[in-house]
Amino acid sequence: MRSALSHAPNLLSMKKELLFTPGPTPIPPEALLAMAQPIDYHRSDTAVTLIKDVLEKLKHVFQTENDILFLTSSGTGAMEGAVANLLSREDKVIVIQSGKFGERWNDICTAYGVEVILIDVTWGDSVEPQIVEALLTEHPDVKAVFATLCETSTGALHDIEALAGLTRVRPTLLVVDAVSALAADDLQMDNWGVDVVVSCSQKGLMTPPGLAFAALNQRAWDTVKCSNLPKYYLDFRKAHQSGLEGSVPYTPAITLLTALQCALNRICAEDIRDTIARHSRLAIATRSAVKALGLPLFAISPANTLTSIRLPTEIDGKAFINLMRDRYGITYAGGQSQLSGKIVRIAHLGWMNENDVIVAISAFERGLVEIGYEVPLGAGVTAAQEVFKCSRGEK
Ligand code: PMP
């Protein structure tokens, strides 16, 4: 093994930074330009029109007719808001924890003092719906199941459609964290009967961090009416009512809303099925490339959002991530918590196309060789190209 040359100079003559992290994701130029315009007063007529337009267009991405509400916060704000607005002190909930973000549901529910029945799934795996079903049968009084569409820390996709099949025939709500996977992995809120979906701006929505969203169906709103947990800034009813009027209870990140409008114009220009199909194609190509390089995927059921790759034990994952950033200007995400240094996460999320995947993979190959792990240069790129060639014209 050669040592990681993390202090060596950038290998490219003009440094160009490329982001392959599962949030923040690259931002389209018109959204960047919109943010450079003089700032608007958030109670002006144009702001009212902007807020109404953004909230209407978000329905397309959430695949719902339900109203969307927004908060000026990161995604965790909408997660906390879901707990604070839906639950009451004496409630019992099921939390599916298969990584860092399932853990967050558990942390929030615990912080609010509700009783948590924890389903602890091995990191990299996805929950088996039968386990949820058995617990729901054993505990018919469970108020809500908290799940994650794509567990970003592992890259695993959960079968939300199957979970919704269990909850919609019971008085139990299904609350889904779609923070990373919205617009990348399919989530048919209305068709599947998902009660609550939360997400945020800096992932599939191609906007800087700072806005969080929630969609609630009627069942969920009826539950909100009975909630007795404390809430103020995160009060969903206030945010909802204001949003309907194109208004806000508190000063919003108006600059981000202008960027989001541009990003949503792009997303709404195509069918959401096509948006998801594009993410799926990029994911299949990335996985195919990784396999061609002889490396194992980490997630058993990988999402379209990102690909997690288990690194050979002789590679120091942190050194590899640093090398890629410092010498190639390429930012991948490393592992979190127990996966620190052990996996690399390559996102293909938001404003990404086939060329981006080719760049991400070719740099990955070079980096591996550079760090002293021999892979056949070009094998991953060829595998990805083959996927793109075969799927040309497919939706
Ligand atoms: N849930 C998931 C699935 C995520 O990927 C993230 C962010 N990586 C969060 C929750 C938390 O979002 P934020 O950092 O915007 O609060």
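Remember, it's a predicted structure, so these values are computed and weren't measured experimentally. We count ligands from 1, going down the list as the structure has it; atoms in each ligand are counted the same way. All values below come from the heavy atoms of this structure, side chains included, with hydrogens, waters and symmetry mates left out.
Scanning the protein for heavy atoms near atom 3 (C) of ligand 1, the closest one is Thr152 OG1, 3.1 Å. Ranking the protein heavy atoms by distance from atom 7 (C) of ligand 1 puts Lys203 NZ, 3.0 Å first.
Using a non-hydrogen distance threshold of 4.0 Å, Glu151 does not register as a contact of ligand 1. The shortest separation from a heavy atom of Lys100 to ligand 1 is not under 4.0 Å, leaving the residue out of contact.
Within the set Val176, Asp177, Val198, the minimum heavy-atom distance to atom 1 (N) of ligand 1 is found for Asp177.
At a threshold of 4.5 Å between non-hydrogen side-chain atoms, the residues Leu55 and Leu58 count as touching. In this structure the side chain of Gln37 never reaches within 4.5 angstrom of the side chain of Thr258, judged on heavy atoms. Between Leu87 and Tyr112, the closest side-chain pair of non-hydrogen atoms is not below 4.5 Å.
The backbone N or O of Thr152 lies less than 3.5 Å from a partner atom in the side chain of Arg345, making a donor-acceptor pair.
Of all the heavy atoms of Cys150, the ones lying under 4.0 Å from any atom of ligand 1 belong exclusively to the backbone. The backbone and the side chain of Thr76 each have at least one atom closer than 4.0 Å to an atom of ligand 1 (non-hydrogen atoms only).
Of all atoms in ligand 1, numbered sequentially from 1 with element shown, those under 4.0 Å from a heavy atom of Arg104 are 11 (C). Listed by number with element, the atoms of ligand 1 under 4.0 Å from a non-hydrogen atom of Met79 are 10 (C). Here is the list of ligand 1 atoms found below 4.0 Å of a heavy atom in Ser74: 13 (P), 15 (O), 16 (O).
Separating the CZ atom in Arg287 from the CG atom in Leu282 is a distance of 10.5 Å, to the nearest 0.5 Å.
Classified by interplanar angle (parallel below 30°, tilted 30° to 60°, perpendicular above 60°), the ring pair Tyr232/Tyr250 is tilted. Aromatic ring orientation, Phe364 versus Phe320: perpendicular (interplanar angle above 60°, classes split at 30° and 60°).
Not one N or O of Val179 is nearer than 3.5 Å to an N or O of ligand 1, by distance alone. Geometrically, ligand 1 and Thr148 share no nitrogen or oxygen pair separated by less than 3.5 Å.
Pro26 and Trp351 get closest at one heavy-atom pair: O-CB, 3.8 Å.
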